[in-house]
Amino acid sequence: MRRLTWFNATSLTLGFAFLYIPMLIVIIYSFNESRLVTVWGGFSTKWYGELLQNEAFLSAAWVTFKVGFFSSIIATVMGTMGAYVLVRGGRFYGRTLFSGMIYAPLVMPEVITGLSLLLLFISIGLDRGLFTIILAHATFSMCYVSVVVSSRLVSFDRSVEEAALDLGATPFEAFRLVTLPIIAPAVISGWLLALTLSLDDLVIASFVAGPSATTLPIKVFSSIRLGVSPEINALSTILILIVTVGTVAASLTTKRAVMRRQKAEQMADQSS
Amino acid sequence: MNLRRLSLIAVPYLWLFGLFFVPFLIVFKISLSDIALSIPPYTPTLELSEGWAGFKDMVSKFDFENFEFLATDDLYWKSYLSSVQIALVSTFICLLIGFPIAYGMANAPKEWQPTLMLLVILPFWTSFLIRVYSLIGLLGQEGLLNQFLMWIGLINDPLIILNTNLAVYIGIVYTYCPFMILPIYATLIKLDGSLLEAAEDLGCSRTEAFWRITVPLSKAGIIAGCFLVFIPALGEFVIPSLLGGSDTLMIGKVLYEEFFSNRDWPVAGAVAVILLLILIVPIVLYQRNEQKMMEAEQ
């Protein structure tokens, strides 16, 4: 069967080394005693302590968390509605524009999205701050949610929905009791994607944030501009750890869900 | 029933219309307005109270002054050209690095594949900013790469990589590589192995079979990967401003500086409009490729 040739083994090793060595170095140096980032001065966790006492970072993290929480929820609701309209909406006036508006933000350079939203907020006289960042993040991440959810909506058997309607369910009941449970994994991964995009965004946030609200990426960016620092190494390590745990856990749960579904399908096949 | 359907369509529609389409029209309008170094309103303004006549009045006062300014000042067209060049070259390097990785993954033992897949996805979920940051410590003059190269005696003086275009190339390749690997892997994994066996039975050498079967059949994935790297790389702001030097010209950075440092919003608007015009071609090509892939699957 498939065996690992020398060529494949080498390209995998080199490739993953390229992807991971820079991040590993950040993690290792976050435990460096010395403030000099290129000299190893012994093992220490003091930078984590300093990070946790840094008011500016903590308040920026709190702003980022609030923005991510609210914007990802709005994006998930809006994005799921958008996907439903896109796949099940049938024909309506301006459909082409609608699907264009769903797909365009995915490829739009962030500088342009940020610039255009800022100009909108200024021209309608909306004060920049937490609220405008939430609006901006919800807008661009709802498109990602739509794409994820619509691919699931396309692939599932529509007759289940129709059966529910024939058996007397209202359209909303059919959606809540039949469609939503089926697309739920896609909605959840869409929500996670929206959350990650929001927590990660620097460019759009720095356009629409204004002086009153600083998110973590904005704060990190301005301190990175001054050079490498052990506090940022510590912060990066924490974030990398969260992402790693989250991704591994998510992939294990989906694996288990797939196995359970296969088992259920097998049993259904046998009983029929 | 009908009202419900209408509101289902209207809510996401109006949201996107108000927060995506209208802002874009505003950028377009401001790019045609007069240069002013203060905050808006820019001339001409739209007088809503005058209705259609007011709109016509505004349109008649539009001019292409800002676009003419872009054409005459060579900073801008140099930035566009160098952005396209940087994005193209880094896309190509991504392909050279990404294809062997995707190929290795697709040909790895089956039970390894979920783990390998996870290893490619993990950087994608990790903060972009942190990944760019991790390169700063590596590439600097006293960075670990230089320390390592001097330690093994390959060089005597540190190489200057950080704050040059070379660092920008490395940064783009490093951060966007997963976008190249994933679509290529997706096409390679579906490749029917018996085709390769048939080719070898018919006297094709392995290298020949690779070029005549594997590469053509993974074309859709290669194209998708190239666009997924090229499109965001073209408007990139974070990488050139953190890794690049003062002579690194990329249009995303120019736009940002035009807006925040020079406060020349009409010119920033014009820069954005032209950037979008440049992007339309690759975006349309990408969409067409996606459609072809969808049709091929059905």
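Every heavy atom of this structure was used, including side-chain atoms; hydrogens, water molecules and symmetry mates were not. So you know, we letter chains A, B, ... as the sequences are listed, proteins then strands, and number each from 1.
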What pairs of residues pass the ring-ring contact (aromatic ring centres under 6.0 Å, His included) test when at least one of them lies in residues 84-112 of chain A, not counting sequence neighbours?
-> A:Y84-A:F175, A:F98-B:Y13

Test item: A:L193 and B:W125 side chains (from C-beta on) under 4.5 Å apart, heavy atoms = yes

Could you check which of B:S241, B:P282, B:G98 has the highest count of heavy-atom pairs closer than 4.5 Å to chain A?
-> B:S241

Comparing B:L145, B:V271, B:T126 against chain A, the one with the most heavy-atom pairs below 4.5 Å turns out to be B:T126

Select one option (side chain, backbone, both, neither) describing which atoms of A:D201 are under 4.5 Å from chain B's heavy atoms.
-> neither

Check: A:I102 and B:F20 side chains under 4.5 Å, non-hydrogen atoms | no

Side chains of B:F24 and A:L120: closer than 4.5 Å at any heavy-atom pair?
-> no

Can you check whether A:V203's main-chain N or O pairs, donor with acceptor, with B:Y256's side chain at less than 3.5 Å?
-> no

B:L116 versus A:F16: any side-chain heavy-atom pair under 4.5 Å?
-> yes

So, the part of A:S146 with a heavy atom under 4.5 Å from chain B: the answer is neither

Max heavy-atom pairs within cutoff under 4.5 Å with chain A, candidates B:L135, B:V11, B:I97, goes to B:V11

B:L138 vs A:I25 side-chain heavy atoms within contact, under 4.5 Å | yes

Nearest-0.5 Å distance that lies between atom CG in B:L276 and atom CD1 in A:I112 = 3.5 Å

Comparing B:I101, B:I136, B:L122 against chain A, the one with the most heavy-atom pairs below 4.5 Å turns out to be B:L122

Contact check, side chains of B:F99 and A:S11, non-hydrogen atoms, under 4.5 Å = no

Could you grab the distance from atom CG of B:L118 to atom OG1 of A:T247, nearest 0.5 Å is fine?
-> 6.5 Å

Do the ring planes of B:F260 and A:F207 sit parallel (below 30°), tilted (30 to 60°) or perpendicular (above 60°)?
-> tilted

Part of A:I74 lying under 4.5 Å from any heavy atom of chain B = side chain

Close side-chain approach of A:L235 to B:Y133, heavy-atom, < 4.5 Å = no

Verdict with supporting geometry, B:L16 and A:M142, side chain to side chain contact (heavy atoms under 4.5 Å, CB included) = CA-CA 9 Å; B:L16 282 175; A:M142 76 168 268; 3.9 Å; yes

Evaluate the criterion side chain to side chain contact (heavy atoms under 4.5 Å, CB included) for residue pair B:L119 and A:L19; output intermediate values, then yes/no.
-> CA-CA 9 Å; B:L119 282 173; A:L19 283 179; over 6 Å; no

Is there side-chain contact between B:F259 and A:L119, with at least one heavy-atom pair below 4.5 Å?
-> yes

